[in-house]
Amino acid sequence: MLSIQLFRTDKELLLEGLKKKNFKDLHLVDEIIALDEERRKVQAESDTLAATINVASKQVGMLMAQGKKEEADLQKATVAASKDAAKNFIQQLATIETDLQEKLLKLPNLPHSSVPAGKTPEDNEVVRQSKDTPNLTAQKLPHWELAAKYELIDFELGNKITGSGFPVYIGQGARLQRALISYFLDYNIAAGYKEYYPPYMVNEASAYGTGQLPDKEGQMYHATEDNFYLIPTAEVPVTNIYRDEIIKELPVMMTAYSPCFRREAGSYGKDVRGLNRVHQFDKVEIVQFSHPGKSYEALEQMVFHIEKLLQSLQLQYRILRLCGGDMSFTSALTYDFEVYSAAQERWLEVSSVSNFESFQTNRMKIRFKDENGKTQLVHSLNGSSLALPRIVACILENHQTPEGVKLPEVLIPYYRDSFIK
RNA sequence: GGUGAGGUGGGUGAGUGGCUGAAACCAAUAGUUUGCUAAACUGUCGUACGGGUUAAACUGUACCGGGGGUUCGAAUCCCCCCCUCACCGCCA
């Protein structure tokens with residue numbers, strides 16, 4: 001949620017940013033400004049009236065104590081007379097505030113100045129790309145065939161137990177999941193992130209906090225009996241750890257593994273074959289809360305952190321700076337990491353790292369005391385390090401050899417073998 | 001699921017209708033002092049939204065789990081909801 005101060009002081013900047021994000025309903029800006037002014041006007045009047053009522057009420061008590069009953073009754077009448085007006089003001093205020101809030105929630109975050117203009121993924125900017133491309137000559141099997149060949153993943157079995165998009169990992173496949181999760185967590189912890197093991201279901205307030213509600217409700221599995229939501233990412237429970245808190249020491253660096261549940265309503269076709277898109281998958285997430293002046297530095301660090309991780313897995317990757325039109329609603333700057341699937345001959349997104357600035361924390365009221373002792377919103381950032389399915393897909397495809405899948409060096413201690421065969 | 005107790009500021013915890021935005025203690029923080037890896041003393045110390053100011057000072061309103069009600073006036077009384085704890089039941 002954008003801060004209301006922006007509307008009072010930087011209207012031009014606001015409009016410019018919204019345009020870059022291809023936001024259409026620009027008239028909302030003027031409506032919000034008008035509502036804000038009205039709100040302040042009504043509040044001033046309401047507060048004044050409330051003040052006079054409070055004074056009169058206090059006098060009733062004093063007069064009664066002195067035994068001046070008639071004068072007290074007079075004051076009572078004064079208060080009673082103002083009561084309707086006071087109630088009216090309160091209702092007016094509530095209406096205006098609800099309206100204001102609703103409109104404010106419709107506006108996306110403003111893009112950072114480095115965000116390229118554009119509307120579609122084609123307009124994303126390639127920041128860096130690893131040089132070498134995998135040299136697969138003899139065989140070039142896609143991961144779903146490799147998974148069948150080595151009995152790693154049974155997609156059909158998942159259909160029977162639950163439904164499509166719920167793969168069952170078996171034997172070496174299951175072991176690889178465990179190895180990757182442990183490796184990713186250890187890698188993050190070594191960089192200073194604190195490990196959390198959060199709940200996999202959250203309440204409504206948490207889902208609102210990170211912005212899954214109200215607009216992305218259909219993407220989450222909902223346990224209606226208790227009104228809990230299955231988390232679509234560990235970002236939700238982990239970020240909410242600090243909801244309504246004033247943080248004592250920045251930065252806060254957290255990492256968590258969790259399964260992720262996504263309904264992915266409306267996705268079909270060859271793009272979702274195998275592990276490319278599933279309803280339940282595993283991911284290790286990193287989250288940071290940062291001083292507003294240092295959040296972009298933190299973002300670059302996170303990008304570097306993930307880049308090194310991908311290099312250690314010997315996967316070919318590229319880093320994209322998303323254009324205004326392709327960025328998420330809440331983000332100010334997003335870098336996507338894609339790894340090249342040699343067998344499918346396409347890039348697959350494996351991580352997305354974003355700075356949300358104060359867009360999330362404004363809604364969740366996550367703050368700190370600045371140098372002058374004033375309470376300010378912190379900046380929040382997060383990224384995947386990493387999402388497993390597509391990493392698994394690329395490891396299988398890109399490291400396939402006639403002898404089996406040769407695992408990268410760093411995974412061997414975790415997998416306790418060097419080949420999947 | 002049943003029964004009981006309870007939800008107050010960073011923490012413990014007092015407060016059962018006006019003198020309470022809230023005692024006391026602890027923590028935190030600033031300073032004073034003592035020549036020692038600390039103690040003593042003093043001050044400051046909730047949040048939000050307004051007004052005000054270059055910025056402060058200052059000032060108004062709201063908030064004692066959430067919502068509603070009674071009353072001139074509510075942390076305090078009433079109703080509904082949520083949550084926590086204890087015991088019982090069930091159980092990985």
Side-chain angles (χ1 to χ4, degrees), chain A residues 1-9 32-105 197-209 213 222-229 237 240-250 252 259 289 358 360-378:
Chain A
M1 188 170 68
L2 292 171
S3 148
I4 192 73
Q5 274 83 348
L6 275 173
F7 293 80
R8 295 179 196 162
T9 54
I32 287 169
I33 291 172
L35 277 171
D36 179 48
E37 274 166 16
E38 196 187 345
R39 202 207 92 233
R40 284 190 285 171
K41 202 186 100 207
V42 174
Q43 189 186 332
E45 290 176 53
S46 175
D47 283 359
T48 312
L49 182 63
T52 63
I53 290 178
N54 286 345
V55 169
S57 294
K58 279 224 165 95
Q59 276 181 0
V60 173
M62 276 161 58
L63 292 168
M64 290 296 272
Q66 290 166 16
K68 299 175 181 170
K69 190 166 178 308
E70 281 176 23
E71 287 178 51
D73 283 342
L74 213 70
Q75 290 294 344
K76 280 192 198 179
T78 316
V79 175
S82 309
K83 251 191 127 177
D84 279 345
K87 259 200 174 142
N88 208 345
F89 274 133
I90 289 167
Q91 265 176 13
Q92 259 189 64
L93 259 185
T95 311
I96 294 170
E97 260 160 30
T98 313
D99 198 7
L100 185 61
Q101 195 74 1
E102 262 173 32
K103 291 199 157 90
L104 221 40
L105 283 173
Y197 191 105
Y200 299 152
M201 291 181 131
V202 295
N203 59 27
E204 216 177 306
S206 294
Y208 264 100
L213 293 179
H222 188 191
T224 52
E225 185 89 7
D226 296 292
N227 200 22
F228 292 154
Y229 292 88
N240 272 284
I241 289 171
Y242 283 94
R243 170 154 51 88
D244 294 320
E245 299 283 338
I246 294 177
I247 296 177
K248 293 240 166 65
E249 220 178 319
L250 291 170
V252 172
F289 292 117
S358 58
Q360 282 186 330
T361 56
N362 186 28
R363 196 191 285 204
M364 281 191 278
K365 299 285 168 268
I366 304 179
R367 295 157 297 172
F368 76 109
K369 297 250 191 225
D370 70 12
E371 300 72 21
N372 304 316
K374 285 193 83 176
T375 316
Q376 265 195 57
L377 296 168
V378 301

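Chain letters run A, B, ... following the sequence lines, proteins first and then strands; every chain starts at 1.
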*In this structure, are over 12 heavy atoms from other groups packed under 6.0 Å from A:Gln66 atom CD?*
yes

*Rounded to the Å, how far apart are A:Lys87 NZ and B:U70 P?*
6 Å

_Taking the basic N atoms (NZ, or NE/NH1/NH2) and the acidic carboxylate oxygens, is any pair closer than 4.0 Å for A:Lys87 and A:Asp84?_
no

*Calculate the interatomic distance between A:Arg39 atom CZ and B:A48 atom P; express it in whole Å.*
14 Å

*With respect to the side chain of A:Lys83, which nucleotide from B:U47, B:U71, B:G50 is positioned closest?*
B:U71

*With heavy atoms under 4.0 Å as the rule, sort A:Ala80 into base, sugar-phosphate or nothing.*
nothing

_Between A:Met1 and A:Gln101, is the side chain to side chain contact (heavy atoms under 4.5 Å, CB included) condition met? List the steps._
CA-CA 9 Å; A:Met1 188 170 68; A:Gln101 195 74 1; 3.5 Å; yes

*Can you tell me, in whole Å, how much space there is between the P of B:G69 and that of B:A86?*
36 Å

*Can you tell me the pairing partner of B:U42 across any strand shown, Watson-Crick or G-U wobble, with both distances under 3.5 angstrom?*
B:A30

*Could you please name the partner base of B:G52, counting Watson-Crick and G-U wobble pairs only when both distances are under 3.5 Å?*
none

*Would you please classify the geometry between the A:His222 ring and the A:Tyr229 ring as parallel, tilted or perpendicular, with 30° and 60° separating the classes?*
parallel

*Watson-Crick or G-U wobble partner for B:C25, using a 3.5 Å limit on both distances?*
B:G11

*With P as the reference atom in both, quote the distance from B:A30 to B:A23 in angstrom, rounded to an integer.*
23 Å

_Pick the closest RNA chain B nucleotide for A:Ser46 and for A:Glu97 by heavy atoms, then say which residue is nearer the 5' end._
A:Glu97

*When the P atoms of B:C49 and B:U33 are considered, how many whole Å apart are they?*
40 Å

*Between B:U59 atom P and A:Asp47 atom CG, what is the distance in whole Å?*
16 Å

*Length of the line joining A:Ile246:CD1 and B:A48:C1', which is rounded to integer Å*: 11 Å

*Would you say B:A62 has OP1 or OP2 under 4.0 Å from some side-chain N or O of A:Asn54?*
yes

*Taking atom C1' in both B:U16 and B:U8, what distance in whole Å separates the two?*
14 Å

*Using the C1' atoms only, state how far B:G31 lies from B:C85, rounded to an integer number of Å.*
43 Å

*Would you kindly check whether a donor in the side chain of A:Gln43 faces an acceptor in the base of B:C49, or vice versa, at under 3.5 angstrom?*
yes

*Partner of B:A62 by Watson-Crick or G-U wobble geometry, both contacts under 3.5 Å, or none?*
B:U47

*Just checking, is any N or O donor in the side chain of A:Asn54 or A:Ser57 under 3.5 Å from an acceptor N or O on the other one?*
no

*When we call it a touch if two heavy atoms are under 4.0 Å apart, what does A:Lys369 touch: a base, just sugar-phosphate, or nothing?*
sugar-phosphate

*Please state whether the phosphate of B:A48, meaning OP1 or OP2, lies under 4.0 angstrom from any side-chain nitrogen or oxygen of A:Arg367.*
yes

_For atom CG of A:Asp36 and atom P of B:G51, their distance in whole Å_ = 9 Å

*asked:* Using heavy-atom distances to pick each residue's nearest nucleotide on RNA chain B, tell me which of A:Gln5 and A:Gln75 is more 5'.
replied: A:Gln5

*May I ask which nucleotide in the shown strands pairs with B:A86, Watson-Crick or G-U wobble, both distances under 3.5 Å?*
B:U3

*In terms of heavy-atom contacts, does CD of A:Glu70 have more than 12 from other residues, nucleotides or ligands at under 6.0 Å?*
no

_Determine whether a donor-acceptor pair (N or O, by modelled atom type, separation under 3.5 Å) exists between the side chain of A:Ser46 and the backbone of A:Val42._
no

*asked:* How many whole angstroms separate atom CD of A:Glu71 from atom P of B:C72?
replied: 18 Å

*When the distance from NZ of A:Lys374 to C1' of B:A56 is rounded to whole Å, what number comes out?*
10 Å

*How far, in whole Å, is B:G7 from B:C91 if one measures between their P atoms?*
34 Å

_From CG of A:Asp244 over to P of B:C63, roughly how many Å is that when rounded to an integer?_
18 Å

*Check every strand shown and say whether A:Ala50 touches a base, only sugar-phosphate, or nothing at a heavy-atom separation below 4.0 Å.*
sugar-phosphate

*Across all strands, who's sitting opposite B:G73 as a Watson-Crick or G-U wobble pair, both distances under 3.5 Å?*
none

_Nearest-angstrom distance, C1' atom, B:U20 to B:A14_ = 12 Å

*Tell me, with the steps shown, if A:Tyr242 and A:Thr361 meet side chain to side chain contact (heavy atoms under 4.5 Å, CB included).*
CA-CA 9 Å; A:Tyr242 283 94; A:Thr361 56; over 6 Å; no

*Output the single nucleotide from B:G50, B:A48, B:G18 whose closest atom is nearest the side chain of A:Ser57.*
B:G18

*Looking only at atom C1', what distance separates B:C81 and B:G9, rounded to whole Å?*
25 Å

*Residue-phosphate contact under 4.0 Å: A:Arg40 side-chain N/O, B:U61 OP1/OP2*: no

_Residue matched to B:C19 through Watson-Crick or wobble contacts both under 3.5 angstrom_ = none

